[in-house]
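Report on the following structure.
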Amino acid sequence: MKIAFFDSGIGGLSVLHHAIQILPDEQFVFFADEDNVPYGTKPREDVLKFVDDAFEFLLTLNVKAIVVACNTATSVAVRAMRSKYNLPIIGMEPAIKRAIDLYGDRRVLVTATPITVNGEKIKALINKVGKAQLIDLLALPKLVEFSERQEFNSEAVTTYLKDKFAPYDFTQFSSIVLGCTHFNYFKDTIRAILPDNVKFVDGNSGTLRELMRRLNLQLPEINNNKQPHIEFYFSGRKITDPNELDRINNYLKRLDKMQSIN
Ligand code: DGL
């Protein structure tokens, strides 16, 4: 049976990209809700409905687990989905705990969508981590739109980020948490703006560890560079058009480049 990765758009590919490397023997379904992206600036009730529709569809594909590769959808809908559907559902939250564990008592800039930043779930997470005085939250909704149109390094992206980062004294920060899966595409652009002491932290490896734990999966002993089988869907339509498959491949190639940027 296959493992589904779900996101509002192409951000979830950053989690799938990692999964392909560590779990080459699995079969994957990737579902991007391209008809409804972005989620992060929409009313929560709308997002709940989009996620529920996507789950209904994914269950027709006979999947053994769903990874919600979207912090926004997790913030709004994961609890409701877990009480409605009876299969392992792995959510994603901004990796704030990981940033504090890795870098200790220095400031952390947590970037995400407006829904995630304003949601109750992130407040609960910050309380649980217990370092509220070290955490700054910053919504970067335009990065979702930029990445959906494959615009990663333009003047407009750089100006947007410089403007959003301007209020912070980055000498005080250890790290920037990429709390939206669409943000992984911008690591080179962000790296060129922020000083080297500010490291990237994302939730990809933690999410996949949780997936492996839930499904009792092991890392393969030898990595034979096998390409796992993946089916792609945009809002319930199977992608077979070579141009659309090319677009997806371009994102995966960009993620290859982003991977080594810390
Ligand atoms: N990729 C999503 C996340 O991780 C949200 C993007 C959006 O649709 O606003 O939060």
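Counting starts at 1 for both ligands and their atoms, following the listed order. What you see is a predicted model, and the numbers here were worked out from it, not measured in a lab.
In summary, the side chains of T181 and S14 do not present any donor paired with an acceptor at a separation below 3.5 Å, with no hydrogens or angles considered. For H17 and D256, the side-chain atoms include at least one donor-acceptor pair closer than 3.5 Å.
Residue contacts with ligand 1 for I115 are absent, since no atom lies close enough (heavy atoms, distance under 4.0 Å). Counting heavy atoms closer than 4.0 Å to ligand 1, residue T72 contributes atoms from both its backbone and its side chain. Residue contacts with ligand 1, taken as heavy atom pairs separated by less than 4.0 Å, involve N71 via backbone and side-chain atoms alike.
Aromatic ring centres of F31 and F57: separated by under 6.0 Å. Here F173 and F170 bring their ring centres to under 6.0 angstrom of each other.
Scanning the protein heavy atoms around atom 2 (C) of ligand 1, the nearest turns out to be C70 SG, 3.2 Å. For atom 1 (N) of ligand 1, the closest non-hydrogen atom on the protein side is H182 ND1, 2.8 Å.
The main-chain N or O of R209 is never found under 3.5 Å from a side-chain atom of R214 such that the two would form a donor-acceptor pair.
Between D7 and ligand 1, at least one pair of N/O atoms sits closer than 3.5 Å. At a 3.5 angstrom cut-off on N or O pairs, T181 counts as close to ligand 1. Ligand 1 has a nitrogen or oxygen under 3.5 angstrom from a nitrogen or oxygen of G40.
Judged by the shortest distance from any of its heavy atoms, G9 lies outside the 4.0 Å radius around the atoms of ligand 1. Heavy-atom separations between S8 and ligand 1 include at least one value shorter than 4.0 Å.
Within a 6.0 Å sphere centred on NZ of K142, other residues, nucleotides and ligands contribute 12 heavy atoms or fewer.
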Practice item. Start with the C-alpha distance between Y185 and F152, add both sets of side-chain angles, then the distance that settles ring pair (Phe, Tyr, Trp, His ring centres under 6.0 Å), and finish with yes or no. Key: CA-CA 7 Å; Y185 295 106; F152 307 113; 5.6 Å; yes
